[in-house]
There are 2 protein chains.
Amino acid sequence: MENNTPVTLKFLAEKLKMSVSTVSKALNDYPTINSYTRQRVKEMAQKWHFTPNKSALNLKEKKSHIIGVILPNLLDHFFTKSIYGIEQYAMQKGYNVIISQSYDELQKEILLANMLLRSRVDGLIIAISKQTKDFNHLDQFEKLGVPVVYYTRNPSFNLNCHKVLGNTFQGSYEATRFLISRGHKRIAYLGGPKMTNFTHDRFNGYINALKDGGISFDAELVAYTDFDKENTINAIQKLFMTESPQPTALVAFKEVIIFDAIKYLKSIKHPNFEEIECIGFGNTPFIHYLDHPPLASIEENPQSVGKNAIELLLKLINKDIGIGDYQKVMVDCKLVLH
Amino acid sequence: MENNTPVTLKFLAEKLKMSVSTVSKALNDYPTINSYTRQRVKEMAQKWHFTPNKSALNLKEKKSHIIGVILPNLLDHFFTKSIYGIEQYAMQKGYNVIISQSYDELQKEILLANMLLRSRVDGLIIAISKQTKDFNHLDQFEKLGVPVVYYTRNPSFNLNCHKVLGNTFQGSYEATRFLISRGHKRIAYLGGPKMTNFTHDRFNGYINALKDGGISFDAELVAYTDFDKENTINAIQKLFMTESPQPTALVAFKEVIIFDAIKYLKSIKHPNFEEIECIGFGNTPFIHYLDHPPLASIEENPQSVGKNAIELLLKLINKDIGIGDYQKVMVDCKLVLH
DNA sequence: TTTACCGTTTCAAACGTTTGAAATAATTTG
DNA sequence: CAAATTATTTCAAACGTTTGAAACGGTAAA
């Protein structure tokens, strides 16, 4: 409008008839700069809406001020909400966030990781794909000094890495205890893909709750699936189409899986599917439209998980924490009744 | 690993005992460079995994290679899917995408717009909030030569701007015709927030379909709402709690609104809510879990809308199209039966 | 008057790239 | 064999910022 020459330090310096370095130092509050000069510079900068050129700064500081985020997909509300926590905090600290989806495919994840590495991101936050068992494509980040924070999903074997996880043990413990308190004796457990440890903790929460509640464990009440409907149906068949006494309640590793389960039981006209009380991880807004909504949801506080992940990552980037000093952050879950 | 000095042009030049400019020109296929030299340079670059430093390039080219995207939220699957179209194409062309959510609030949108402008994005793609009536915060982009593409949501009055829209006229026309073909005589129309024109086109599609189908228009069959449940209930009351003959079908500006409608009708035990045939915009994966799913969905092809938006934006950034030569792109909808 | 020492400002190099102009090397021409 | 021409490489400036070192003007001490 007024002028189309870019407002740079040089521009301000010419207006003020002083050198570029004086202007720079004045804006950065160098003590050697005369306070009157500093004031004049700041006024001029404000008047012209000066903003330091990020590319120049990046070049100088050898940083990109970009954080890479890889997650399986954006259709899962957990991830969508966690992004809000990440973006909010990153933006505040002057970082930009690049979000990319692996669609739970290892090949795609590798491609994205390489892409982000080439983009020279300053750090990476990742929820690994369900296929990821090998971590070469992620280890290269740390080798180059780029910190990586694993969030939500975490390799089952003891990998040395920074992680931010939902306290799924506590989540399924509470859910199971709640079901026990409602009088259930036969509570089924439906677990997720075995390759990521998020199954493991949930299962232990269930087991411990049973023990503490004085109910003996029955392996027939446990089945596994993933995000594939067919596998879910198989699992449901294992749990509900047996000779032994049927389960009257269900704890599932993901709430959406319960929807598939109920739909299937309904389709085969399972005699008392309406009475089965289900609780799963997640808190889908959609739930209220269902005729047979789950009894409760385990709210995973995705926003908090996201915020913790970015907070940790920034500490690593700023070397407040050593890259080899591996951290583990747990975020509690909360049982939400409907 | 092998070495921690950064792989730059200078680094390669020293290895090859030639000047930085030769290396640069060889990599950029300058015809003045000897082909043998070029080959040697390229081999060396490959060997050391050379990638040009983006910050340096950005500084030189006076670009950020960042595209800003502002959208109301990520919980709506339309937006989530449209992002995929945007990101995919942008990444391919060497651009990064910053996504931010306005939560349909004008104040937040203004904040984000200013933030992105200060971040020196090369272009902006925006789905305006439902509160946006004034465009100062967006006009400043074009004034500074930063192109803006409005997508999906478009100001109702005739604003000169670049837009990529779903062909909602065609979408609701087809939906209405389909309902007529199934014998419906009283088809209600439930529209959305009036401030954005996306209501307008949909309504016209409905009207024209009625006309072409030989059904006379009845103002009593039209009501408006937004994303607020209470307003939806009011609208449903207007449509379904009257003396005059009840509607037997419904066309809604958003599919999720239908869920609220059905839920309400069910809760008040509306005598024949199960027979009402509904069609809305959107194609929610969730639909299959409902006991009374809509008859059909109007698929808006969000991915294609996103892709068209970023394609147009990049053309504007590269000045293949003049910033003042306003473009309008329409993406057809498709009726999906369930 | 010279020297020393402030407080303040400016110089100059650096970050990694591109690119027109200038310099050099190689080849052809007369 | 010198001159002209062409092919190839290098120089140097620029993009906008930061920052240690050098320079400046002024005052105080010797």
Side-chain angles (χ1 to χ4, degrees), chain A residues 3-42 44-45 48-66 94 117-122 144-145, chain B residues 3-42 44-45 48-66 94 118-122 144-145 318:
Chain A
N3 198 313
N4 51 17
T5 56
V7 180
T8 64
L9 289 181
K10 193 175 160 200
F11 174 90
L12 294 178
E14 278 163 9
K15 287 260 168 232
L16 289 158
K17 295 192 198 313
M18 45 177 89
S19 77
V20 172
S21 20
T22 309
V23 177
S24 168
K25 288 177 177 172
L27 290 173
N28 289 305
D29 291 320
Y30 270 55
T32 68
I33 299 294
N34 183 290
S35 64
Y36 175 58
T37 312
R38 170 163 46 239
Q39 192 191 323
R40 279 178 57 221
V41 170
K42 289 198 170 173
M44 190 63 85
W48 287 95
H49 303 106
F50 169 78
T51 322
N53 182 306
K54 202 104 171 244
S55 300
L57 271 171
N58 289 342
L59 178 58
K60 192 103 237 290
E61 295 177 14
K62 303 189 188 208
K63 292 178 59 171
S64 65
H65 285 277
I66 296 179
L117 196 63
R118 280 201 308 276
S119 291
R120 294 183 149 78
V121 293
D122 291 341
L144 292 168
Chain B
N3 197 312
N4 51 19
T5 55
V7 180
T8 64
L9 289 182
K10 192 176 161 199
F11 174 89
L12 295 179
E14 277 163 11
K15 287 260 168 234
L16 290 157
K17 296 195 198 310
M18 44 177 90
S19 77
V20 171
S21 18
T22 308
V23 177
S24 168
K25 286 177 179 173
L27 290 173
N28 289 304
D29 290 321
Y30 270 54
T32 69
I33 299 295
N34 182 289
S35 62
Y36 174 58
T37 312
R38 172 164 44 240
Q39 193 193 320
R40 279 178 56 219
V41 170
K42 288 197 172 174
M44 190 63 86
W48 286 94
H49 303 109
F50 169 78
T51 321
N53 182 305
K54 202 102 171 243
S55 300
L57 271 170
N58 289 342
L59 177 58
K60 191 103 237 287
E61 294 178 13
K62 303 187 187 205
K63 292 178 61 172
S64 64
H65 282 104
I66 295 179
R118 278 201 309 276
S119 292
R120 292 184 151 80
V121 293
D122 291 340
L144 291 169
N318 298 326

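Below, chain A is the first sequence line, B the second, and so on; all start at residue 1. Because the structure is a prediction, the values reported are computed rather than measured.
Taking the side chain of B:Ser21 as heavy atoms from C-beta on, and the options D:dT8, C:dT19, C:dC15, the nearest nucleotide is C:dT19. Set against D:dT17, C:dT9, D:dC15, the side chain of A:Thr37 has C:dT9 as its closest nucleotide. Of the candidate nucleotides D:dT8, C:dT18, C:dT9, D:dT8 has the atom nearest to the side chain of B:Asn34. Checking C:dT9, D:dG16, C:dC15 against every side-chain atom of B:Lys10, the shortest atom distance belongs to C:dC15.
The NZ-P distance, from A:Lys25 to D:dA21, rounds to 11 Å in whole Å. The distance from atom CZ of B:Arg40 to atom C1' of D:dT8 is 13 Å, rounded to the nearest whole Å. Rounded to an integer number of Å, the gap from CE of B:Met18 to P of D:dC11 is 13 Å. One atom, CG of A:Leu59, and another, P of C:dA13, lie 17 Å apart when rounded to the nearest Å. The NZ-P distance, from A:Lys60 to C:dA13, rounds to 13 Å in whole Å. Whole-Å rounding puts the B:Lys62 NZ to D:dA14 P distance at 12 Å. C:dC15 atom C1' lies 13 Å from atom CG of B:Leu9, rounded to whole Å. A:Leu12 places its CG atom 13 Å from the C1' atom of D:dT17, with the value rounded to the nearest Å.
A:Tyr36 comes within contact range of no nucleotide atom at all, as no heavy-atom separation falls under 4.0 Å. At a threshold of 4.0 angstrom between heavy atoms, the contacts of A:Asn58 with the nucleic acid are absent. Among the heavy atoms of the strands lying under 4.0 Å from A:Thr8 are primed sugar atoms or P, OP1, OP2 only; no base atom is included. Counting non-hydrogen atoms under 4.0 angstrom, A:Ser55 reaches nothing in the nucleic acid. Contact annotation for B:Leu57: backbone-only contact, meaning every heavy-atom pair under 4.0 Å involves sugar-phosphate atoms and none involves a base.
Each of B:Thr32 and B:Ala56 has a nearest nucleotide on DNA chain D; the 5'-most of these lies closest to B:Thr32. Residue-to-nucleotide proximity on DNA chain D shows that, of A:Pro52 and B:Lys17, the 5′-proximal contact is made by B:Lys17. Comparing B:Phe50 and A:Ser19 along DNA chain C, the residue whose closest nucleotide (by nearest heavy atom) sits nearer the 5' end is A:Ser19.
The closest side-chain heavy-atom distance from A:Leu27 to A:Phe50 is below 4.5 Å. The shortest distance between side-chain heavy atoms of A:Asp29 and A:Lys42 falls below 4.5 Å. In this structure, A:Asn53 and B:Arg120 have side chains that are in contact, with non-hydrogen atoms separated by less than 4.5 Å. A 4.5 Å side-chain heavy-atom check between B:Leu57 and B:His65 finds every atom pair outside the cut-off. B:Lys54 is not listed as a side-chain neighbour of A:Ile66, based on a closest heavy-atom distance of 4.5 Å or more. Between B:Glu14 and B:Thr8, the closest side-chain pair of non-hydrogen atoms is not below 4.5 Å.
In terms of phosphate contacts, B:Asn28 brings a side-chain nitrogen or oxygen within less than 4.0 Å of OP1 or OP2 of C:dT18. Contact between the side-chain N/O atoms of A:Ser24 and the OP1/OP2 oxygens of D:dT17 is not found at any separation under 4.0 Å.
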